[in-house]
Protein chains: 2
Amino acid sequence: MTDGVKLSDQQYQLMQALWHLGEGSAKTVQTQLSHLGLAHTTVATILTRLEKKGVLISRTEGRERIFVPTVSEGEVRRSMVSSLVGTLFKGDDRQLLAHLVKESDLQQNDLDEIQKMLAEAGND
Amino acid sequence: MTDGVKLSDQQYQLMQALWHLGEGSAKTVQTQLSHLGLAHTTVATILTRLEKKGVLISRTEGRERIFVPTVSEGEVRRSMVSSLVGTLFKGDDRQLLAHLVKESDLQQNDLDEIQKMLAEAGND
DNA sequence: GCACTCCTTCTACAGCTGTAGTATCCGAAT
DNA sequence: ATTCGGATACTACAGCTGTAGAAGGAGTGC
């Protein structure tokens with residue numbers, strides 16, 4: 001479904017930590033993201049909001065609350081990319097492709113690689 | 001520069017109207033976007049905020065205020081795409097390309113077209 | 001059992017966005 | 001000059017995000 005999950009940068013970071021961990025408490029996540037320098041209460045707040053948003057659920061385990069993603073990173077990526085494509089390119093993925101090809105500083109070997117991918121995609 | 005212009009959907013719509021028009025008053029923009037059903041005051045508010053944000057400037061002409069974009073659609077696209085790539089793919093454009101190739105429902109002729117583009121890009 | 005510690009939940013606030021009503025201002029017509 | 005009409009500016013409010021302090025609750029060690 002294009003259920004339109006859309007996360008802010010920060011929110012995505014947190015989810016990413018959870019995707020890597022599989023699951024985890026606010027504390028665990030905060031530790032994992034210590035480079036961001038967020039207070040643990042901040043992390044907890046964001047996680048709570050993400051739960052309200054439906055992208056994760058939590059269970060209480062002893063005195064800890066364990067958060068578990070309910071959507072995969074792939075799903076979120078898909079819907080975020082297609083949302084952007086919707087806004088910027090009238091929903092036409094190919095226009096984004098074209099944009100990337102034009103704007104990216106692609107090296108020849110990148111191109112080769114991509115062409116290989118395209119060739120494989122064509123064989124589906 | 002990667003000055004990071006980031007617009008919301010709505011804001012992008014308005015800018016798009018201005019890009020098409022070249023320039024225009026709040027009224028003109030609202031008319032152009034009548035399908036969105038926004039009050040003209042709403043359009044004016046958003047335009048004012050966009051000016052504060054620096055993506056357009058305005059000049060007063062008689063009793064009208066004319067808004068003129070200061071950034072091009074291309075620039076905004078570039079920075080929005082690269083912002084998303086930053087968040088979702090650690091800044092690696094090729095990963096977005098790969099994502100698109102995998103996720104998009106590309107037809108063979110799309111692929112041909114893109115491969116042609118890639119070939120051309122390679123000749124720069 | 002009691003205090004200590006750790007974790008969570010509640011509350012708070014500022015900034016941004018979506019949305020629009022009301023007030024104001026200024027040019028134009030009479 | 002006086003009023004009318006249209007355009008803008010000001011104000012408002014709700015919802016979302018970033019951020020975090022303060023308060024509360026529940027193990028754990030003594």
Side-chain angles (χ1 to χ4, degrees), chain A residues 3-18 21 23-68 76 79-80 83-84 86-87, chain B residues 3-18 21 23-68 76 79-80 83-84 86-87:
Chain A
D3 56 342
V5 185
K6 225 171 156 184
L7 305 177
S8 72
D9 251 54
Q10 205 73 229
Q11 290 171 340
Y12 193 85
Q13 303 279 305
L14 288 240
M15 286 304 288
Q16 210 164 27
L18 276 183
L21 293 165
E23 60 175 48
S25 67
K27 197 65 209 299
T28 321
V29 172
Q30 192 236 344
T31 308
Q32 173 109 152
L33 295 177
S34 53
H35 56 105
L36 295 180
L38 294 173
H40 55 132
T41 53
T42 302
V43 173
T45 302
I46 300 178
L47 286 172
T48 301
R49 288 177 184 168
L50 286 171
E51 182 168 25
K52 195 174 304 174
K53 200 170 208 159
V55 295
L56 53 79
I57 54 174
S58 67
R59 64 171 193 280
T60 304
E61 197 165 272
R63 80 261 75 183
E64 281 197 327
R65 188 153 154 215
I66 308 293
F67 295 89
V68 190
V76 173
S79 75
M80 286 179 72
S83 158
L84 193 75
T87 303
Chain B
D3 56 341
V5 186
K6 224 171 156 185
L7 304 177
S8 71
D9 252 54
Q10 204 73 228
Q11 291 171 341
Y12 192 86
Q13 302 280 305
L14 288 239
M15 286 303 288
Q16 210 163 30
L18 275 183
L21 292 165
E23 60 175 49
S25 67
K27 197 64 209 300
T28 320
V29 172
Q30 192 235 345
T31 307
Q32 173 108 153
L33 295 176
S34 54
H35 56 105
L36 295 180
L38 295 173
H40 53 131
T41 53
T42 302
V43 173
T45 302
I46 300 178
L47 286 172
T48 301
R49 288 177 184 167
L50 286 172
E51 182 168 26
K52 195 174 303 173
K53 200 170 209 161
V55 294
L56 54 80
I57 54 175
S58 67
R59 65 172 194 278
T60 304
E61 199 165 90
R63 80 261 77 179
E64 280 198 329
R65 188 153 154 214
I66 308 292
F67 295 89
V68 190
V76 174
S79 74
M80 287 179 72
S83 157
L84 193 76
T87 303

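In what follows, chains carry the letters A, B, and so on, assigned in the order in which the sequence lines appear, proteins first and then strands, with residues in each chain numbered from 1.
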- Query: Once you round it to whole Å, what is the distance between P of D:dG25 and CD of A:Glu64?
  - Reply: 19 Å
- Can you measure from CG (B:Leu47) to CZ (B:Arg49) and round to the nearest 0.5 angstrom? 11.0 Å
Please tabulate the protein-to-nucleotide N/O contacts below 3.5 Å involving nucleotides 26-30 of chain D, giving atom names and distances.
| unit_1 | atom_1 | unit_2 | atom_2 | d |
| --- | --- | --- | --- | --- |
| D:dG27 | O3' | A:Arg63 | NH1 | 3.4 |

- Task: Rounded off to whole Å, could you give me the CD-to-P distance for the A:Gln13 and D:dT17 pair?
- Result: 15 Å
- Between D:dA7 atom P and B:Ile66 atom CD1, what is the distance in whole Å? 11 Å
- Query: Taking B:Ser83 for the side chain and B:Ser79 for the main chain, is one N or O donor matched with an acceptor at less than 3.5 Å?
  - Reply: no
- Message: So B:Lys6, base contact, sugar-phosphate only, or nothing? Heavy-atom distance under 4.0 Å.
- Response: nothing
- Assert: residue with more 5' nearest nucleotide on DNA chain D, out of A:Lys53 and A:Gly37, is A:Lys53
- Task: State whether B:Thr42 places a side-chain N or O below 4.0 Å from either non-bridging phosphate oxygen (OP1 or OP2) of C:dT19.
- Result: no
- Message: Any side-chain N or O of B:Gln10 below 4.0 angstrom from OP1/OP2 of C:dT17?
- Response: no
- Task: Check the distance between D:dT19's C1' and A:Leu50's CG and give it to me in whole angstrom.
- Result: 15 Å
- Message: Show me the pairs that pass salt bridge (Lys or Arg N to Asp or Glu O under 4.0 Å) and involve residues 4-15 of chain A, at least two apart or across chains.
- Response: A:Lys6-B:Asp9, A:Asp9-B:Lys6
- Rounding to a whole Å, what distance do you find between B:Leu47:CG and C:dT17:P? 14 Å
- Task: Could you note down all residue pairs passing salt bridge (Lys or Arg N to Asp or Glu O under 4.0 Å) where residues 55-66 of chain A supplies at least one of them, sequence neighbours left out?
- Result: A:Glu23-A:Arg59, A:Glu51-A:Arg65, A:Arg59-A:Glu61
- Should A:Lys27 be listed as having a side-chain N or O under 4.0 Å from OP1 or OP2 of C:dT8? no
- CE-OG distance between A:Met80 and A:Ser8, expressed to the nearest 0.5 angstrom: 8.0 Å
- Query: B:Glu61 has an atom CD; how far is it from atom P of C:dC26, in whole Å?
  - Reply: 17 Å
- Message: Any side-chain to backbone donor/acceptor pair from B:Gln30 onto B:Leu38? Under 3.5 Å, distance only.
- Response: yes
- Heavy atoms, side chains only, cut-off 4.5 Å: are A:Leu36 and A:Val43 in contact? no
- Rounded to the Å, how far apart are B:Tyr12 OH and C:dT17 C1'? 19 Å
Nucleotide N/O to protein N/O under 3.5 Å, stretch nucleotides 1-4 of chain C:
none

- Correct closest heavy-atom pair for B:Ile46 and B:Gln10 would be CD1-CG, 3.9 Å
- Check side-chain contact (heavy atoms from CB on, under 4.5 Å) between A:Leu21 and all other residues, then give those that pass, not counting sequence neighbours. A:Thr28, A:Val29, A:Gln32
- Message: Tell me the interatomic distance from B:Lys52, atom NZ, to C:dC16, atom C1', rounded to whole angstroms.
- Response: 10 Å
- Query: Between B:Val55 and B:Met15, which heavy-atom pair has the shortest distance, and what is it?
  - Reply: O-CE, 3.4 Å
- Item | Candidates C:dT19, D:dG18, D:dA20 - which lies nearest the side chain of B:Leu38 | C:dT19
- Message: Are B:Leu50 and B:Leu7 packed together at the side-chain level, in the sense that at least one heavy-atom pair is separated by less than 4.5 angstrom?
- Response: yes
- Message: Is the shortest side-chain heavy-atom distance between A:Leu18 and A:Leu56 below 4.5 Å?
- Response: yes
Taking only N/O atoms, report every protein-nucleotides 9-15 of chain C pair under 3.5 Å with atom names and distance.
| unit_1 | atom_1 | unit_2 | atom_2 | d |
| --- | --- | --- | --- | --- |
| C:dT9 | OP1 | A:Arg65 | NH1 | 2.8 |
| C:dT9 | OP2 | A:Arg65 | NH1 | 2.4 |

